[in-house]
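What follows is a single structure, written as structure tokens, with notes after it.
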Amino acid sequence: MDFAQFKRIQSRRSFLRDCGGGLGTIALWHLMAREGRTAPELNPIAARDPHFPPKVKNVIFLLMDGGPSHIDLYDPKPALGKWEGQALPESMTKDLRLAFIKPTAKVWASPRVFQKSGQGGVEFSDWMPHIATRADDICMIRSMHTEQFNHHPAQLMLNCGSPLAGRPSMGSWVVYGLGSEAESLPGFVVLRSGQSAPGASAGNWTSGFLPSHFQGVPFRRSGDPVLYLSNPKGVSPELQRSTIEGIRDINQQNLDETGDWEIASRMATYELAFRMQSAGPELIDLSQESEKTLEAYGVNNDTTRPFGTNCLLARRMIERGVRFVQLLHGSWDHHRELIKNLKKNCDMTDQPVAALLKDLKESGLLDSTLVIWAGEFGRTPLVQLNSLEKGGEGRDHHPFAYSIWMAGAGIKGGQTIGATDDLGLNVVEDKTHVHDLQATVLHLLGLDHTRLTYRHLGRDFRLTDIGGELITKALA
């Protein structure tokens with residue numbers, strides 16, 4: 001071939017592109033070979049081996065968006081009554097970071113009545129009577145804390161281990177590490193209810209810099225579980241199948257040429273969507289459930305139906321092998337009218353959560369499923385006044401001390417871990433960081449949080465960043 005002919009078929013730009021792509025493909029090949037792989041897996045989220053024998057196979061994460069008030073639900077503080085209507089000394093509030101009130105705000109004691117439940121005497125507010133019946137399955141942690149005191153960064157910290165956008169969420173890390181046993185459903189599913197979108201929105205279930213097939217997939221409770229899942233009018237399953245096969249052949253050719261794993265993600269997504277066209281509608285068809293089950297979850301009640309339906313769907317997903325199910329319910333951000341609005345959220349969620357725990361236990365699924373109930377932070381014992389009218393009182397954000405709970409496989413139930421001071425301001429026993437919770441969740445799944453890493457921008461990232469210690473008292 002002479003030079004003139006070469007110039008006609010090879011531009012400078014294409015020459016540089018092809019050489020760069022070739023070198024990149026060689027580098028990718030060597031990286032995959034070092035990891036024992038010579039090509040992207042046909043099913044990128046197929047079940048994989050954990051680091052060590054797991055206690056847990058599946059996770060249901062009940063995310064209470066907005067920051068539920070720990071001192072009105074799980075952490076009684078009778079000493080607050082002595083300070084009712086008074087400002088605390090400056091020495092007690094000088095280190096507080098507050099979003100909307102000043103440290104001179106008056107103390108507001110909780111009007112809730114608490115009762116010890118179960119053999120371990122775990123305490124619950126009178127607004128959580130149904131969850132209280134599952135006390136012996138629950139490990140209450142009253143000593144949580146985080147550095148973030150606004151919703152968006154605090155939710156990212158809880159879900160992604162960092163207040164910065166763009167990091168993978170916990171569900172994505174779990175599916176990346178373990179894959180999924182669900183062949184016709186995503187490995188990570190998101191269900192939403194309540195009156196507002198979460199502060200971090202899709203950041204709560206993003207795959208960040210992980211390949212896109214690890215991100216959470218939002219499902220709906222009725223109609224198409226995922227928008228546009230059904231075939232358009234006039235498109236038969238046979239035509240849809242042949243179309244997907246044609247697209248797959250083109251993508252495979254591009255994958256062979258570039259080695260780009262995002263193409264493998266795209267191929268896997270098309271294949272999963274096709275299988276979901278039959279599995280999705282079957283999943284949300286609750287006519288298979290008994291009337292007793294529907295009643296227990298509150299599906300037939302207007303107040304409990306949205307969250308109750310999601311709890312029941314979560315159980316059905318776990319049965320079908322979905323690895324991580326996240327339920328988001330908002331909003332618990334009660335800056336005003338806390339008594340009315342907190343009661344409303346408790347009425348919507350208390351019965352369904354208790355039904356979920358009972359159902360999982362009776363079916364044997366609780367032996368392999370971890371259930372987490374958590375918000376991004378708690379609320380202050382100081383009042384936020386929005387008007388002088390009675391009933392308008394609220395509470396500000398409080399990241400320094402708050403409560404969450406876990407139940408299920410690998411968890412020692414019927415106990416309370418940690419303690420806050422007499423006012424619920426600071427942790428005084430078994431201080432537990434968000435990274436500690438994340439490390440413990442991964443440990444129960446058989447994953448070492450220090451080894452579950454992904455190389456990005458020249459460094460190895462992990463869910464727990466550079467922190468994380470196991471909550472050993474919580475482990476059975």
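Sequence positions, counted from 1, serve as the residue numbers for this chain. Keep in mind that the numbers below use all heavy atoms, side chains included, and drop hydrogens, waters and symmetry copies. The structure presented is a predicted model; accordingly, all values stated were derived computationally and were not measured.
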Whether the H397 and H151 side chains hold a donor-acceptor pair (N or O, under 3.5 Å, no angle test) is what I'd like checked.
yes
Closer than 4.0 angstrom, basic N to acidic O: yes or no for D422 and K77?
no
Quick check, are the ring centers of F52 and H443 under 6.0 angstrom apart?
yes
Tell me every residue that passes side chain to side chain donor-acceptor pair (under 3.5 Å) with E147, counting only those two or more places apart in sequence or in another chain.
H433
Distance-only polar pair, side chains of T464 and R462, donor-acceptor under 3.5 Å:
yes
With sequence neighbours excluded, what pairs up with N345 under the side chain to side chain donor-acceptor pair (under 3.5 Å) test?
H329, H334
Taking atom CD as the centre, does E289 end up with more than 12 heavy-atom neighbours from other residues, nucleotides or ligands that are less than 6.0 angstrom away?
yes
From CA spacing to verdict: salt bridge (charged side-chain N to carboxylate O under 4.0 Å, His left out), R320, E181
CA-CA 8 Å; R320 288 156 176 78; E181 295 181 344; over 6 Å; no
Run the numbers on W373 and L73 for side-chain contact (heavy atoms from CB on, under 4.5 Å), then give the verdict.
CA-CA 12 Å; W373 189 104; L73 296 178; 4.2 Å; yes
Hey, would you say the F209 and H456 ring centroids sit under 6.0 Å apart?
yes
Would you tell me whether T420 and D75 have side-chain atoms, one donor and one acceptor, within less than 3.5 Å of each other?
yes
Aromatic contact, Y176 with F214 (centres under 6.0 Å)
yes
Does atom CG of D285 have more than 12 heavy-atom neighbours from other groups under 6.0 Å away?
yes
Modelled atom types, side-chain donor and acceptor of D448 and H51, under 3.5 Å
no
All heavy atoms of V353 vs all of C311, minimum pair found to be N-SG, 4.3 Å
